[in-house]
Amino acid sequence: MLELDKISKSFGAVRALRDVSLEVRPHEVVGLIGENGAGKSTLMRILSGSMRPDAGAILIDGRQVVLRDPKRANEYGIAMVFQEQSLLLNMSVAENIFLAQEKPFMRLGAIDRRRMIEAARACLAKVGLDVDPAMKAGELDFAARQMVELAKALALEDRTDAPLTILFDEPTSILEAKDVAMLFERMRALKSRASFIFVSHRLEEVLEISDRVYVMKDGEVVAERLAAGVSAPDLHAMMVGREVKGEYYREARQSPPRADVVLEARGLSVAGAFRDVSFALRRGEVLGVAGVIGSGREELTRTLFGFLPQTSGTLLIDGRETVLKTPTQAVAAGIGYIPRERRIEGLVTDISIAANVTLARLDLAMRHGFIDHKREKSIAEYWINRLRIKTPSAAQLCRNLSGGNQQKVVLARWMAARSHILILDHPTRGLDVGAKEEVYDLIRDLSAAGAAIVLTSDTLEETIGLCHTILVMRDGAVTARFDAPARAKPKQVALLEHMV
Amino acid sequence: MDSGRNNSRSDQISRRHLLRSAAVLGAGAFVGGAPLTARAAAPPTLVTSIRSLSNPYHAVWKIGAEAFAKSVGLQHVTLVTEANSEKGISDIRAMIAKTGGDMVLNVDPNNTPDARPIVEACHKAKVYVVTWWNKPADLHPWDFNPYYISHIEFDGVTNGGYITEELFKAMGDDGGFVALGGMISDSAAIDRRKGMMDALKKHPKVQLLDFQTADWQSQKAFDVTSSWLTRFGDKIKGVWAANDDMGVGALEALRAQGLAGKVPVVGIDGIKAAVEAVKAGEFVCTVTSDPYWQGGIGLSMALEALQGKFDPAKEPKIHREFNARTVKITRDNVEEYIKTQVDSHPTIDWTDLWSRVASPIVYG
Amino acid sequence: MTSTWLSPRAGPAAGSAAPKWRALAPSRFGAIGLAELAPLLVLVGLCVALGLLNPSFFSFRNLVWGVANSAAIPLILAMGATFIILMGSIDLSIEGALSVGTMIVALLCANDSNANNFGWWGPLLALIACTALGLANGLVHVVLRIPSFMATLGVWFVGLGIGTVALGGSEIRVLDRTIRSIAFERVLAFPLAVWIAAAMFFFALFLERKTRFGRYIYAIGGGEDIAALSGVPVKRTRILAFALAGFFNGVAAVLAAAQLGQANTTIANGRLFMTVTAVVVGGTSLSGGWGGIANSLIGVLIVAVLANGMVLLGISPYVHETVQGLMIIAAVALSVRRGRSLIVK
């Protein structure tokens with residue numbers, strides 16, 4: 001049995017974990033949920049040995065242990081399966097499974113490759129994955145890579161006498177529905193060999209697979225429930241610390257859209273991704289696109305910004321037929337894109353707010369062909385006031401801003417560029433609760449100002465709460481369309497029905 | 001050859017001795033950087049400015065300069081440009097400031113344009129200066145009387161031609177040979193090749209099989225020669241190299257295939273390996289500008305001018321700007337050369353300033 | 001939990017009717033396969049073309065002296081550099097290490113500037129010194145957390161500085177016949193240098209393919225953070241790799257001293273560029289993780305055959321560099337793993 005006793009961890013002034021205690025019993029799947037910033041990742045890092053707690057104890061079968069590094073954690077039977085990208089794509093499956101564990105295969109100073117491949121085959125059999133262990137990991141798809149990771153974790157059972165605990169960090173976020181089902185089937189079968197900690201945002205899935213669930217909020221465990229006796233909305237309420245009320249998504253501020261259509265799709269298709277998508281987006285409207293991974297909704301948003309050119313159908317912007325082949329064309333047509341990974345795609349964090357705001361339309365800050373810093377500054381300051389960006393000055397580097405404020409800077413850029421159509425691609429991912437609420441306010445502001453918005457979100461609640469209209473997609477096609485006016489929002493279950 | 005002419009002011013530092021101590025202590029070569037104080041009444045400082053200490057040529061230059069300094073009992077400082085023109089010029093300016101102009105300068109400018117600011121700085125500070133190898137064509141010592149004493153070069157065309165003639169003599173004036181050039185754009189490489197081509201025209205029975213560049217490097221010369229041997233085989237009756245480093249590389253490639261001593265090689269520079277090869281009969285000849293002499297004679301000219309022993313302004317133009325005579329090393333004089341120049345350092349009469357004036361420098 | 005590797009317990013779903021997880025589309029295999037074969041195809045094409053233009057290319061004498069012997073030192077240098085580049089690092093100290101190594105060999109064996117005659121102690125000490133320089137690279141890089149580019153640049157200059165101080169700029173001739181015989185002694189028609197290079201190749205190949213060290217090199221190149229999370233001793237491996245590269249540099253230094261019969265500070269000029277070129281032309285990625293020792297053998301041969309071919313065909317030296325540059329771009333363009341990233345930096 002694995003126990004955590006009053007684990008605490010601080011980063012500077014921020015207390016990431018406060019007296020967290022939990023236990024994982026043999027042959028059990030423990031769900032761990034919480035909003036972003038609740039402390040789940042920190043806890044996982046401590047358990048996998050890549051971070052040390054400031055205080056508290058970790059006990060295995062009643063004996064206190066120190067998980068000094070990942071290798072040590074492995075020796076104590078704890079292994080982590082990461083979301084993705086934790087296999088070395090340039091190495092073979094067998095090499096990945098036994099990375100840093102080659103000792104049993106050494107003969108006269110050399111690695112016995114054939115024996116390692118045989119052993120890897122045995123490990124893969126445990127998870128029911130039938131691939132050649134000599135194949136490079138980079139040649140596998142995501143689901144198969146995850147199974148390889150699971151196999152790698154299970155390989156531990158031959159090296160340690162400690163009970164095996166496998167940490168699953170968001171394993172389903174990159175999987176398609178049928179692969180999720182498959183994963184759960186494997187997990188249930190493997191419960192005879194190991195315990196699991198299952199971290200996910202998808203509450204239904206957590207309830208489906210877990211025996212018990214711990215709920216974390218603001219660095220503390222706020223609840224522990226048997227999965228059998230609790231519902232997803234209950235869990236959600238515990239996570240956010242209040243009932244999910246319309247107020248959370250600023251429903252009172254949801255105003256009806258205006259009449260004029262700015263973006264219209266007629267039978268829009270991209271071969272192999274989605275087909276025959278039609279909608280009409282009006283000024284001031286928030287259009288949500290819901291669907292699981294593989295439903296085609298990610299591709300749809302990318303197409304609307306010119307990343308993924310359409311293969312057939314028609315797209316009309318402001319009533320004019322337009323073909324978007326590159327993001328540059330999209331920007332020129334008045335479309336702005338707020339990507340999910342702000343730090344990577346959306347924001348150049350090492351330059352100032354002012355420079356970021358004017359990035360898409362630098363010409364607005366130019367005079368006689370040169371950048372006019374005074375003009376640039378005044379543009380930036382206008383948007384800092386308008387969007388209430390919390391910063392001492394426009395010259396501040398973006399890396400010094402909070403997540404919510406960074407997101408606002410990206411928005412400010414598009415608004416400065418006079419974009420009247422905004423594509424919000426998971427705009428709240430990675431933000432804490434407070435920052436999320438700021439983004440919700442902002443979306444209402446934008447919508448009230450007449451911007452047309454296409455939104456994809458990590459949670460159905462968010463989509464339902466924020467949008468006027470929701471398109472539901474499955475397997476590349478639109479399966480349903482919901483109107484979601486304030487105080488008459490559709491139910492999640494109703495949407496789910498059309499998603500899976 | 002200057003040996004045996006005057007023993008009164010000479011020195012006998014053994015290079016062997018120096019290297020042995022350097023190898024053991026690991027730090028013998030950086031000397032002469034002692035701090036100086038600027039005192040107008042103090043004896044003048046002898047200053048040498050050269051490219052680096054990591055090539056044999058300038059290393060010997062420095063030894064010659066130090067030998068001269070010792071013979072007159074004055075302090076000597078070596079400035080190294082490290083192939084950086086700005087560093088070279090600013091170091092010289094700093095040295096002038098430090099000594100208050102109480103110095104003389106013997107300089108091998110890093111690059112052609114460098115000579116002008118150096119000469120101007122010296123002229124302004126009343127510092128006597130001698131330049132070698134590189135200067136703009138329109139910069140003349142007589143325009144900076146009396147402080148710019150002389151500019152001295154060695155004629156690459158003549159040297160390239162000389163070793164070619166020697167090579168052909170060894171080949172019996174018949175058959176094919178191959179030629180290794182220096183860096184393509186290097187003016188020395190161009191001159192030496194021109195000398196070779198000019199000589200070739202006079203010998204219709206000799207045939208140039210191939211010309212390749214090896215960038216002055218022995219390793220490249222080794223590889224190129226290895227390939228030549230398969231391409232031309234026995235047709236190669238001689239190897240011409242624009243410098244000794246490449247010549248030695250070629251010689252080692254010949255040796256690897258048992259041909260050392262059978263195929264004559266010529267080079268330029270007079271490096272030790274080449275001199276030894278001349279002695280062993282594997283090289284026909286090599287030519288040296290005698291950096292030991294260069295290091296000392298430039299300082300000697302400047303010092304004598306400073307001491308008023310002669311007035312540069314009254315010297316004929318051929319003394320102000322000239323190609324100096326090189327030292328040729330062949331089978332005939334190699335034993336003597338090794339005895340007086342390699343095993344020991346030569347005894348040079350540093351007061352004989354104009355003994356090696358050979359020809360005026362021709363621009364064009 | 002006591003099962004052994006050789007008697008695996010059957011997995012819960014093994015052999016069941018559960019759907020199999022898929023590998024990616026087979027077209028991708030084809031692409032990778034071709035890219036991996038590209039350097040070999042370039043080499044073969046080059047040889048065939050040269051053979052047609054000048055049949056003496058395939059003469060035994062040319063293959064031994066024009067190609068194999070010329071490739072010996074570059075190959076040994078490339079072995080060390082490959083391990084470093086596989087990690088996504090770079091070793092710029094090659095020339096510095098070579099000049100220190102040749103200097104030690106020359107100063108300790110019978111030579112023309114001092115009375116030493118320590119015979120094989122010279123090469124041995126050169127190996128130790130070069131390994132120590134490599135170790136210094138690794139320690140500076142890992143312990144002080146300085147990028148390998150800067151760390152090895154520093155050691156390069158330190159090496160050149162040591163050479164300059166000790167040699168005072170002059171050159172020293174190696175007179176020891178047994179040491180020089182490394183370059184000239186023939187065993188089964190090939191000079192000993194070629195056999196040594198071949199031995200070094202197989203040694204490196206063994207390290208790469210058969211040892212944990214080799215594994216970890218790939219793991220670090222594929223993703224250092226992931227490797228660390230898996231328990232790979234990243235720091236130790238890095239330091240070891242640089243020391244190993246130093247050792248290979250040392251072997252090359254001994255051979256260079258034997259081949260040219262002398263040591264001077266400029267003996268290694270141009271070696272760094274040639275080595276990195278050979279490794280990259282062979283198909284090893286500068287960003288690490290892909291490629292390997294066998295690739296570098298091919299890369300070295302491409303560069304050596306190219307140089308040999310230039311002379312065999314009597315191509316004017318004025319266009320040498322252009323031709324060489326074009327061939328290198330062609331070789332790399334064929335083998336680059338396109339599609340892994342949109343923008344190549």
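All values below were derived from every heavy atom in this structure, side-chain atoms included, with hydrogens, water molecules and symmetry-related copies excluded. Order of the sequence lines sets the chain letters (A, B, ...), proteins ahead of strands, with each chain counted from 1.
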Exercise for the section: Could you point out which residue of C:Asn137, C:Leu139, C:Leu135 forms a side-chain contact (heavy atoms from CB on, under 4.5 Å) with C:Phe242? Expected result: C:Asn137

Exercise for the section: Look at the aromatic rings of A:Phe196 and A:Phe168 and report parallel, tilted or perpendicular, splitting at 30° and 60°. Expected result: parallel

Exercise for the section: Evaluate the ring planes of A:Phe305 and A:Tyr337, with Trp represented by its six-membered ring, and classify them as parallel (under 30°), tilted (30 to 60°) or perpendicular (over 60°). Expected result: parallel

Practice task
Just say parallel, tilted or perpendicular for the rings of A:Phe198 and A:Phe184, cut-offs at 30° and 60°.
Solution key: perpendicular

Handout entry: A:Lys152 versus chain C, the contacting section by heavy-atom distance below 4.5 Å
Key = side chain

Problem - Interface moiety of A:Met116 toward chain C, non-hydrogen atoms closer than 4.5 Å - result: side chain

Problem - Interchain contact, C:Tyr218 with chain A, by part (heavy-atom threshold 4.5 Å) - result: both

Problem - For chain C, the option from A:Leu88, A:Ile111, A:Leu124, A:Leu99 that forms the most heavy-atom pairs under 4.5 Å - result: A:Ile111

